[in-house]
There are 2 protein chains.
Amino acid sequence: MTRRRATLKDVADRAGVSIATVSNVFTGRKAVNDELRMRVERAAKELSFQIDRAASQLKSGKARVVGVLVPDLDDTFFTSLISRIELMALEEGYDVIVASSRDDRQLEESRLHTLLGWRPSGIIAVPCSDTVPTILAREVARLPTVLVDRVVPEAATADTVTIDNFEAGQIAGRYLVEMGHSDIALAASHLDIAPIRERVRGAVSIVQELTGKEPVAVALGSNAERGADIFAHWLERHPLPSAVFALTNVTTLAVLTALARQRIDIPDQVSLIAFDDYTWMSARKTALTAIRQPVDDIARLAWERLQLRMEGDASQPRPSILSTTLQVRDSTRRIARAGDEEPAVAEQGSAAAGERQNSIH
Amino acid sequence: MTRRRATLKDVADRAGVSIATVSNVFTGRKAVNDELRMRVERAAKELSFQIDRAASQLKSGKARVVGVLVPDLDDTFFTSLISRIELMALEEGYDVIVASSRDDRQLEESRLHTLLGWRPSGIIAVPCSDTVPTILAREVARLPTVLVDRVVPEAATADTVTIDNFEAGQIAGRYLVEMGHSDIALAASHLDIAPIRERVRGAVSIVQELTGKEPVAVALGSNAERGADIFAHWLERHPLPSAVFALTNVTTLAVLTALARQRIDIPDQVSLIAFDDYTWMSARKTALTAIRQPVDDIARLAWERLQLRMEGDASQPRPSILSTTLQVRDSTRRIARAGDEEPAVAEQGSAAAGERQNSIH
DNA sequence: GTTTTACTGTAAAACGTTTAACAGGTGGAC
DNA sequence: GTCCACCTGTTAAACGTTTTACAGTAAAAC
């Protein structure tokens, strides 16, 4: 019943040819007479034969697998990356092994270690911190590697694909200032992650330059529920800012949750700029103004770089830096500028405080 | 520079032992003298040696990989499934190969075929239609297989883990009727998918039993943006129902998008029950009442069943059916029942029509 | 008619592991 | 003192492919 799996030899015997011929039929690297080919194909189908990848890979040394490592498989940013990579990999005949580091440096190393055991043709990794995992740094000479998102391009010894995080911060900051805001909170995840720091730096620098005021950054972690608690707690001991810029999609969720819980209205009481651009962000009465990362481009670039490397390109590691765009929608209200014709900020602040009082009861 | 990868033999030479000893150190299936063991471990570290899985698997016949096939890697329901499976797999020392069938029967077969090439220890698959892929049906005797979500448990020849879709429809339907609704639209994805049909059947049966009216099902597909267009279009040629029950998280998104676009208020103009329960559903002023699938339990059960099979359990295939729960929040308004004290439904309908008129301009 | 060339098919040697079978040495039981 | 068991370590044979080298045949070139 549980019959042994068919091998090249079984097919060869049944078709009355040598295993080399069968192999040639399957790999196509040598012409095979039509009649024989058909015999082989029929035999293979009858035995539901399937090349054993382990054996194939062992002998040929070529793997047709890429490893993809991300910090969190529940974060839609990373899964949409994976979805796109999986598609391109499929088209080129590669399979994808996924691993999640769960934002844990140690797990990251160990996941990479087992990933490497597959002798993959390449690795696309989103590190969980901005120090490149030692195991990758060591392998980078022999293993095509592309680092995505959470990287400092200048420090990396491999190809990188990142967005211009500083610019992203600036874009959001400038827009908020243009809309009259200067009392701004930055909803960060972790301040020790390079791209987050850059987003903060971008926003802070432009807001400071234009208004003289410094936005305050709050670290909410990378879990939406816990982040909501932290932000709610923060709201209790600080005056309500006139605008919040969320620096990741998870902190966007955290901020929204906290705000909803305290019945603080967007954008009447506080304006919001979200990060990333997902369907749910527009599927609401007040659609969210958001900084959009070009996920498609990120995935495509990462794959293209990886492919080049897998084809043997040994040139200097190259950083690719993509721009984000601001999707203007309804969650950012124009308010009168502080110090302009009327003391709008104060008014806004007190109104908000009143409402909050209300909701905390 | 691009040095050859270290093998057992390299380590053995450097440590001055035989390759069998090195293998024993790594697999631990035979005791090795402490001193030798340490020599081996040091040599391995110095060469950054790593067992070649292809060779190991070829020889031992054991794989320590499971394949996971889902219909869509952009659907959070499936990715949260994967996330949980990956964690449990990790704990047992398995790696995970993911593949997406992109809701395409043909691609599904071909993805499964390549998945099988890995000789995985097991496969967890969410079929894209309710007919079990032929290739799996054929393999099921020798390959541990668990089918999840989109399956008809009675028809499957493998273990299945599903929710009680009929019951889910009933729960939502009953709740809507209790809240006074009888004019109900069902936002389905595809009506040819068994679980969707069951959800429809559940909702229709209970609503019909309690009110005599039959909810109408609309097929919106499995893409939120396109679904929103379809639903918007549907709204234009039908009177606004008093409630919508979305049967998947994607159609939830589609409905929300269409409603937001036409400025139809939830729950004032139309009530909504969402499907699945994600953070973004509560992170809004009117948090969504939703049917919650026990994703954790689904993933856990699927893994446990798979593990049993991988350990050799050859008993009859067993279906596991889990219950959903209704998370009552703010998106479903209580209205006066049709035919009761006041003609609320008609009033509701005309108000909605007016508003819609407005938005279509 | 002989030599080339081209074309197909096969034999056989790896690839890096696991693992059965064996070898050598030590210590205990008798 | 002999025998046996035990403990460690090694040898060598697979596993199912890919691929090189070669053989055989037929067609083309001379």
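What you see is a predicted model; the values in this text were computed from it and never measured. Chain letters run A, B, ... following the sequence lines, proteins first, then strands; residues in each count from 1. All values below were derived from every heavy atom in this structure, side-chain atoms included, with hydrogens, water molecules and symmetry-related copies excluded.
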What's touching nucleotides 18-24 of chain C from the protein side, N or O pairs under 3.5 Å?
unit_1	atom_1	unit_2	atom_2	d
C/dT18	OP2	B/Ser23	OG	2.7
C/dA21	N6	B/Lys30	NZ	3.4

**Asked** Do B/Thr162 and B/Thr160 have side-chain N/O donor and acceptor atoms under 3.5 Å apart?
**Response** no
**Request:** Please check the phosphate of D/dT10 (OP1 and OP2 only) for any side-chain N or O of B/Thr21 closer than 4.0 Å.
**Result:** yes
**Message:** Closest approach to the side chain of B/Leu58, judged atom by atom: which nucleotide of D/dG16, D/dT8, C/dT17 is it?
**Reply:** D/dG16
**Request:** Provide, to the nearest angstrom, the distance between the CG atom belonging to A/Asp10 and the C1' atom belonging to D/dT17.
**Result:** 13 Å
**Item:** Among D/dT8, C/dT17, D/dG9, the nucleotide that comes nearest once only the side chain of B/Val32 is considered
**Value:** D/dG9
**Prompt:** Taking CG from B/Leu36 and C1' from D/dC7, how many angstroms apart are they, rounded to a whole number?
**Reply:** 13 Å
**Request:** Have a look at the helix from C/dG1-D/dC30 to C/dC30-D/dG1 and give the angle its two end axes make, five pairs each, rounded to 10 degrees.
**Result:** 50°
**Asked** So does A/Arg309 pair up with A/Asp159, basic N to acidic O under 4.0 Å?
**Response** yes
**Request:** Ignoring backbone atoms, test whether B/Ser18 places a side-chain nitrogen or oxygen under 4.0 Å from the OP1 or OP2 oxygen of D/dT10.
**Result:** yes
**Prompt:** Do B/Lys45 and B/Glu41 meet the salt-bridge criterion of a basic N to acidic O distance under 4.0 Å?
**Reply:** no
**Asked** Between A/Asp52 and A/Arg5, is there a side-chain N and carboxylate O pair less than 4.0 Å apart?
**Response** no
**Message:** Please report the distance, rounded to the nearest Å, between CG in A/Asp34 and P in C/dC7.
**Reply:** 15 Å
**Item:** Point-to-point distance, once rounded to the nearest 0.5 Å, from CZ of B/Arg64 to OG1 of A/Thr114
**Value:** 12.0 Å
**Asked** Does a donor on one side chain sit under 3.5 Å from an acceptor on the other, for A/Thr145 and A/Glu139?
**Response** no
**Between D/dA14 (C1') and A/Lys9 (NZ): distance, integer Å** = 14 Å
**Prompt:** Between D/dA14 atom P and A/Asp52 atom CG, what is the distance in whole Å?
**Reply:** 18 Å
**Distance-only side-chain donor-acceptor flag, A/Ser83 / A/Ser80, under 3.5 Å** = no
**Message:** Regarding A/Asp13 and A/Lys9, does a basic nitrogen lie under 4.0 Å from an acidic carboxylate oxygen?
**Reply:** yes
**Asked** Do A/Asp313 and A/Arg318 sit within salt-bridge range, that is, some charged N less than 4.0 Å from a carboxylate O?
**Response** no
**Prompt:** What is the distance, rounded to the nearest whole Å, between atom CZ of A/Arg53 and atom P of D/dT18?
**Reply:** 11 Å
